[in-house]
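As the structure is a computational prediction, the values presented were derived from the model and not from experiment. Note on naming: letters A, B, ... go to the chains in the order of the sequence lines (proteins, then strands), and numbering restarts at 1 for each one.
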Protein chains: 2
Amino acid sequence: MAKSRKTTKTTHADSAGRTTVQLKARRSNLEDRKLLSPEDALRTEGLFKMLANDTRIRLLHHLVRSREASVGDIANALDMKPQAVSNQLQRLSDTGMVASRREGVSVFYRVKNGCVAPLLDLALCLMDAEGCDSASR
Amino acid sequence: MAKSRKTTKTTHADSAGRTTVQLKARRSNLEDRKLLSPEDALRTEGLFKMLANDTRIRLLHHLVRSREASVGDIANALDMKPQAVSNQLQRLSDTGMVASRREGVSVFYRVKNGCVAPLLDLALCLMDAEGCDSASR
DNA sequence: TCACTATTACACGATATCGTGTAGTAGTGT
DNA sequence: ACACTACTACACGATATCGTGTAATAGTGA
């Protein structure tokens, strides 16, 4: 992107077809040592905003688990109306988080942005470690 | 918490006084293999919601960097009105993300919830790796 | 007590969010 | 063309968010 931080990303799929992202030189708190520009703050806000919703979290989690799913599948799995699912998928698509593929009458969605899975994973992990009573707004 | 997942957290402070959180048995995508309960989704939403704001991100980032800061300090550093800063800090305090300490007329805030730093760190890291055009709403 | 500073409580208004219902489109088969 | 399914576009209403301005509170010193 604009600024170059020396982060190396290694993405590979294991036998189960699952994607693992390894971050080298992650050196925790590396980013915390330099000032956070308003632009970066806005980009980060945009990223977290997409994850800051009950529905989208379950939706994305479902997509991460199943690699690909149609609107109807998801609506059925999450017990939601297709419109609501399509709504959120549209939003997620606009921000580049997911991508779609048409097959007959169905439209299959998949996670596109690599930030989703790791962040979801870390969040769930950390929420266990911490009490994270933070939940109920 | 309610459910027990075998995650081990190790927190320690190095010579510089910075806290590092190591997660053992993190095994990426572990959480993605079991169904995400609506409750967990809500808790995760709550966590991400606190990070889904321009102001709070800069605020938390500042707190992570300086370990502790008063309302006035932050307002000054981020070029914001004290009320706005206090507002957000209040919200962050309600959700257990930060804690406060009074010293004279000033109130010093610090990051309390261990999820904050790692998530911020990972997000910034990943946004570099990915294009993450996702930003602009 | 008075003045002063730092912080907070609260109501207001502008804006954003999200599910719903209705209507529309695309693809497929008859 | 017609019916049917899967999805989407859009307007609406309820609710949430967030900075602002005003007023209140807490701490400190004269």
Side-chain angles (χ1 to χ4, degrees), chain A residues 38 41-60 62-63 66 68-95 97-110 134-137, chain B residues 38 41-60 62-63 66 68-95 97-110 134-137:
Chain A
L42 276 176
R43 292 202 307 145
T44 314
E45 171 185 349
L47 178 57
F48 281 131
K49 248 187 181 29
M50 285 301 105
L51 297 172
N53 173 262
D54 175 33
T55 300
R56 283 194 295 270
I57 289 173
R58 301 203 300 147
L59 205 150
L60 286 170
H62 183 77
L63 280 183
S66 55
E68 209 177 42
S70 71
V71 177
D73 289 343
I74 303 172
N76 193 43
L78 305 188
D79 193 35
M80 293 181 55
K81 316 226 171 204
Q83 304 103 307
V85 173
S86 182
N87 262 343
Q88 297 304 336
L89 283 173
Q90 206 59 37
R91 186 183 299 255
L92 289 169
S93 181
D94 286 345
T95 51
M97 312 290 278
V98 302
S100 59
R101 171 182 70 85
R102 172 148 228 150
E103 185 176 307
V105 295
S106 299
V107 177
F108 287 86
Y109 282 86
R110 65 188 177 279
S134 56
S136 56
R137 185 265 328 289
Chain B
L42 276 175
R43 292 203 306 144
T44 314
E45 171 184 350
L47 178 57
F48 280 130
K49 248 186 180 30
M50 284 301 106
L51 297 172
N53 174 261
D54 174 34
T55 300
R56 284 195 294 271
I57 289 173
R58 300 203 301 148
L59 205 150
L60 287 170
H62 183 78
L63 279 183
S66 56
E68 209 176 43
S70 70
V71 178
D73 289 342
I74 303 173
N76 194 43
L78 305 188
D79 192 34
M80 293 181 56
K81 315 224 171 206
Q83 304 103 308
V85 174
S86 182
N87 261 344
Q88 298 303 336
L89 283 173
Q90 206 58 37
R91 185 183 300 253
L92 289 169
S93 181
D94 287 344
T95 52
M97 311 289 280
V98 302
S100 60
R101 172 182 70 85
R102 172 147 229 151
E103 185 176 306
V105 294
S106 300
V107 177
F108 287 86
Y109 283 86
R110 65 187 176 281
S134 56
S136 56
R137 189 275 325 287

**Request:** Look at A:Tyr109 and D:dT8 and indicate whether a side-chain polar atom (N or O) is within less than 4.0 Å of OP1 or OP2.
**Result:** yes
**Asked** Looking at C:dG19, D:dC7, C:dT8, which one has an atom nearest to any side-chain atom of B:Pro82?
**Response** C:dT8
**Request:** Return no unless some side-chain N or O of A:Gln90 is found under 4.0 Å from OP1 or OP2 of D:dC7.
**Result:** no
**Prompt:** So, is A:Arg102 close to the C:dA26 phosphate, meaning a side-chain N or O under 4.0 Å from OP1 or OP2?
**Reply:** no
**Request:** Kindly say if B:Asn53 contacts the phosphate of D:dC18, meaning a side-chain N or O under 4.0 Å from OP1 or OP2.
**Result:** yes
**Request:** By nearest nucleotide on DNA chain C, pick out whichever of A:Lys81 and A:Gly104 is the more 5' one.
**Result:** A:Lys81
**Side-chain N,O (A:Arg91) to OP1/OP2 (C:dC18) below 4.0 Å** = yes
**Whole-Å distance separating the CD1 atom of A:Ile74 from the C1' atom of D:dC7** = 12 Å
**Message:** Without decimals, in angstroms, what is the distance between A:Glu103 CD and D:dA6 C1'?
**Reply:** 13 Å
**Fill in**
Rounding to the nearest 10°, end axes of the helix from C:dT1-D:dA30 to C:dT30-D:dA1 built from five pairs each make an angle of 10°
**Message:** When you measure from the side-chain N and O atoms of A:Thr55 to the phosphate of C:dG19, is any distance below 4.0 Å, counting only OP1 and OP2?
**Reply:** yes
**Asked** Where each residue is assigned the nucleotide of DNA chain C containing its nearest heavy atom, which of A:Ala84 and A:Val105 is assigned the position nearer the 5′ end?
**Response** A:Ala84
**Prompt:** Do B:Leu51 and A:Leu47 have side-chain heavy atoms sitting under 4.5 Å apart?
**Reply:** no
**Prompt:** Within the structure, does a side-chain N or O atom of B:Ser106 lie under 4.0 Å from either OP1 or OP2 of C:dT5?
**Reply:** no
**Asked** If each of B:Gln83 and B:Gln88 is mapped to the nucleotide of DNA chain D with the nearest heavy atom, which maps nearer the 5' terminus, i.e. the 5' end?
**Response** B:Gln88
**Request:** Output every pair passing side-chain hydrogen bond (donor to acceptor under 3.5 Å, both in side chains) with a member in residues 77-88 of chain A, not counting sequence neighbours, ordered by first then second residue.
**Result:** A:Arg56-A:Gln88
**Prompt:** From D:dC7, D:dG27, C:dC18, pick the nucleotide closest to the side chain of A:Val107?
**Reply:** D:dC7
